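Below is one structure, written out as structure tokens; comments come after it.
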Amino acid sequence: FSRTSFSRERFGRTSPHLLFTYFLRTGSTGGGMAASGSALGSGTPSGGVALPSAASDTDTYTCTICLDDEGEVVQKGCCCRGDSGAAHVECLVQMAVHSTESLRNDLGWTTCGVCKNRFTGDAQLGLARAWYKRTESLAPEDRTRLYSTSVLCNALFAQGKYAETVDLEVAVVALHTERVGRDHPDTLTAENNLASTYCKLGRFDEALELQERVLVGRTSALGPDHRSTLVTCNDIALTYRDLGQFEKAAAMQTTTLEAFRRVEGPEDTETLNTATNLAQTYSYLGRFNEAVEVHAEVLATRRRVHGATHPKTLGGQMAYAMALRDLGRYDEAEREMRDGYAKSRKHLGPTHPSSLSDGLNLSLTVCYAGNPVEAEELATPLVEQLATALGHDHPSVLSGNRMIGVALLQQGRAAEAAAIMATAHGRLCELRGSADRRSLHMAGTLGEALCELGRADEAIVLLEKTVEGLKEMYGADHAATLVAQSALAYGIALAEDRSRGQSLLEALHSQQNRQLGPGHFSTRKTAERLRKLAD
């Protein structure tokens, strides 16, 4: 059993109407103003727009604005489908400029004029870069420039460019604070956005400090049931979960979900975000059947409301598949993950952190289903690409090494697995502490590798601490705790007392059979250890 930050537990950021810098980002795993080169990149064509590469097949669609299929035609990423959802970024920019100059309306930079939903993907980022470029001549504290900067931050965040995002957001917070004061709604929103990015960068303590301050400010200014206040509650609950405080997260998510359903309705984006996040917390708490039920309901709604390839739908699909995997339903999980991973690569791009995370989750499922060679071949390059995107010390990257280690262990390559995981475990402990859930999961798998290498004495020392940490975090009967207990019992059988270790394994196998079923990876692993001892 494994739950990492690849679970796509944060679903992007939403915003209210234009001409108000009240940009909200909900359910997101988030100095001076950055120079335009840093924000805009290179290769800007004559119109001043740095065009991102198209994630979809550019030969398939015709631009709905100029009716031409030449050049780079991208999907707008809104709720328009097929050809009706395709356009050149340059054409979208021209429409937005016309809307601004003739209609005095800035909606064209973020929102589709046909379906009235926000752009995502290449269209979102291309428009955001273009608008930011057009407002560079304005004073940094100008309201329109601040808003265009916020729009760019959201687009960069959605594309997984968190390092670029954070510098811009620090500047936005400082400018809002200077212009309207720290307790103004604009400043609170900017701080909440910055906290979302901190979460994506693994800076959870800094994020929580900002979020709790924002919650106090929004509750006082807007009331406890205001949409923005509830968004902050959702974000705080996610940060609690990142910090391993699952019961606290579930309690806040349950209350927040009830409020969203009452205030915004059952199909509202924030209602669905909160329901997904609560379902994932159920999985952390070992309530796997409840998690699958909620995920299935949310995914059906997202497909109906947003379409099958919308980023929120893809996130919901992967979350549902992971819940299936937790229950040992590997064939179903693998089908959903392969489909979702292919769509993420096409519509978000193959190197987007969400696409890479989807691929890593697929690799673990493939391994659990009995194909460790394919799992290793899939996971190894993805970890390297994720390290390029997020940095080698990001918790998601370090946890990704565990997925490679699991695949190596299943191939009997324990020495390679131990070497990879020992390095990653040491770094996780330095960055997050030995009691962090990622550190504990890594320690459990490292202990398994040490047992296979004949270093059971070392394994026992490590696994005893791991089991105690997992019991405190999840409880004694959680699947993750049972996995570590099985490895510990095996180490005891190898190094200390064969009869006692075997008895512990038999009891654990019986419990896993009851809770998880005989086909679950963890149950099969315990059965394999019993066979080895019998031989």
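Computed from heavy atoms alone, side chains included, the values below leave out hydrogens, waters and symmetry copies. Here the structure is a predicted model, which means the values were calculated and not measured.
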**Prompt:** Do NZ/NE/NH1/NH2 and the carboxylate oxygens of K532 and E528 come within less than 4.0 Å?
**Reply:** yes

**Fill in**
Heavy-atom closest pair (C153 atom, T165 atom, distance to 0.1 Å) is O-CG2, 3.6 Å

**Message:** Please find the pair of heavy atoms, one from A333 and one from A321, that lie closest to each other, and give the distance.
**Reply:** CB-O, 3.3 Å

**Message:** Before you tell me yes or no, could you show the steps for F157 and Y162 under ring pair (Phe, Tyr, Trp, His ring centres under 6.0 Å), namely the whole-Å CA-CA distance, both residues' side-chain angles and the distance that decides it to 0.1 Å?
**Reply:** CA-CA 6 Å; F157 184 95; Y162 308 125; 5.4 Å; yes

**Asked** Using 4.0 Å as the upper bound for N to carboxylate O, is an ion pair formed by R261 and D268?
**Response** no

**Prompt:** Passes side-chain hydrogen bond (donor to acceptor under 3.5 Å, both in side chains), S344 versus S354? Steps please.
**Reply:** CA-CA 7 Å; S344 290; S354 292; over 6 Å; no

**Asked** Are the aromatic rings of H441 and Y474 close, with centres under 6.0 Å apart?
**Response** yes

**Request:** Answer yes or no: is there an ion pair linking R427 with E430, defined by an N-O contact shorter than 4.0 Å?
**Result:** yes

**Fill in**
Heavy atoms of F288 and S283 approach each other most closely as CE2-O, 3.2 Å

**Request:** Enter the distance from E416:CD to L408:CG here, rounded to the nearest 0.5 Å.
**Result:** 5.5 Å

**Derivation and outcome, side chain to side chain contact (heavy atoms under 4.5 Å, CB included), residues F204 and R432** = CA-CA 10 Å; F204 303 119; R432 302 299 308 161; 3.5 Å; yes

**Fill in**
Which of E334, R338, R325 passes side-chain hydrogen bond (donor to acceptor under 3.5 Å, both in side chains) with T365? It is R325

**Message:** For E191 and R218: C-alpha separation, side-chain torsions, deciding distance, then whether salt bridge (Lys or Arg N to Asp or Glu O under 4.0 Å) applies.
**Reply:** CA-CA 12 Å; E191 287 184 325; R218 284 183 170 170; over 6 Å; no

**Prompt:** Would you say Q411 has more than 12 foreign heavy atoms packed within less than 6.0 Å of its CD?
**Reply:** yes

**Message:** Check this for me, if you would: do D339 and R335 make a salt bridge, where the nitrogen-to-carboxylate-oxygen distance has to be below 4.0 angstrom?
**Reply:** no

**Request:** Determine the minimum heavy-atom distance between H295 and A319, stating which atoms define it.
**Result:** CE1-CB, 3.4 Å

**Request:** Tell me, with the steps shown, if D477 and Q515 meet side-chain hydrogen bond (donor to acceptor under 3.5 Å, both in side chains).
**Result:** CA-CA 9 Å; D477 294 329; Q515 288 185 208; over 6 Å; no

**Request:** Just do the salt bridge (Lys or Arg N to Asp or Glu O under 4.0 Å) check on R329 and E336 with the steps written out, would you?
**Result:** CA-CA 11 Å; R329 294 162 59 177; E336 289 286 349; over 6 Å; no

**Request:** Taking all heavy atoms of T281 and all of A249, pick out the closest pair and write down the distance.
**Result:** CG2-CB, 4.3 Å

**Prompt:** Between L462 and A443, which heavy-atom pair has the shortest distance, and what is it?
**Reply:** CD2-O, 3.5 Å

